[in-house]
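Note that the numbering runs from 1 along the sequence shown for the chain.
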Amino acid sequence: MTQPKNHSPEVLRNAILDLLKNLQPGKSISPTEAARSLTGSDERQWSRLMKPLRSVAVEMAQNGEIVILRKGKPADPSAFRGVYRLALVSGNDAGSASA
């Protein structure tokens, strides 16, 4: 078993962006996809990244880099709860990405 690595916010940010840039327009990713891209499929490893990944995603959404989606719609990055997805900002999201 490999030891968990210390994934910096920049590493987490890059993992999110790398996955999003490879998607077709309008598609989104689950945050677990970003965590698994860094650690593999071992749930004990990738689950440790979920809280730091969420923090990075919130910061990215507040900066207008990505959109956090809840039930397919842009969510307020500072107040959403539950299951969420991440997407690149499109022209339609620009006004509501930081709402």
Side-chain angles (χ1 to χ4, degrees):
M1 182 165 82
T2 59
Q3 289 294 89
K5 296 179 183 174
N6 184 11
H7 297 293
S8 71
E10 189 63 24
V11 169
L12 298 176
R13 180 183 177 279
N14 288 336
I16 292 168
L17 289 176
D18 288 346
L19 289 171
L20 290 174
K21 288 177 182 176
N22 290 318
L23 294 179
Q24 294 178 354
K27 298 292 183 181
S28 63
I29 64 166
S30 165
T32 59
E33 291 175 64
R36 288 177 179 163
S37 75
L38 294 169
T39 64
S41 61
D42 182 355
E43 185 176 357
R44 289 176 294 179
Q45 299 296 317
W46 63 257
S47 64
R48 293 178 185 160
L49 292 180
M50 295 310 294
K51 283 185 182 181
L53 194 87
R54 181 184 173 106
S55 296
V56 168
V58 166
E59 182 178 328
M60 291 173 72
Q62 290 171 333
N63 292 336
E65 295 177 78
I66 64 169
V67 177
I68 294 174
L69 302 172
R70 273 284 284 145
K71 299 182 180 181
K73 297 180 182 175
D76 179 347
S78 61
F80 73 98
R81 291 182 169 192
V83 177
Y84 65 101
R85 293 187 65 83
L86 307 172
L88 288 175
V89 176
S90 70
N92 298 337
D93 300 327
S96 58
S98 60

Nearest non-hydrogen partners of G82 and R70, listed with the distance: C-NH1, 4.1 Å

Shortest non-hydrogen contact between T32 and M50, atoms and distance: CG2-CE, 3.7 Å

Interatomic spacing from CG in L53 to CD in E33 - rounded to 0.5 Å: 11.0 Å

Nearest-0.5 Å distance that lies between atom CZ in R36 and atom OG in S47: 10.0 Å

Nearest atoms (heavy-atom pairs only) where L69 meets A87: CD1-CB, 3.9 Å

Euclidean distance, R54 CZ relative to L12 CG, rounded to 0.5 Å: 14.5 Å

Taking every non-hydrogen atom, the tightest pair across Q45 and T39: CB-CB, 3.8 Å

Inter-residue atom distance I66.CD1 - S28.OG, 0.5 Å rounding: 11.0 Å

Pairing of E10 and R13 as salt bridge, 4.0 angstrom limit: yes

Flag side-chain contact, heavy atom, 4.5 Å: R85 against K27: no

Transitive ILVMFWY side-chain link L86 to W46, under 4.5 Å: no

Candidate list L20, V67, I29, I16, test side-chain contact (heavy atoms from CB on, under 4.5 Å), partner L88, passing option: L20

Interatomic spacing from OG in S37 to CG in L19 - rounded to 0.5 Å: 4.5 Å

D42 side-chain N/O to R44 backbone N/O, donor-acceptor pair under 3.5 Å: yes

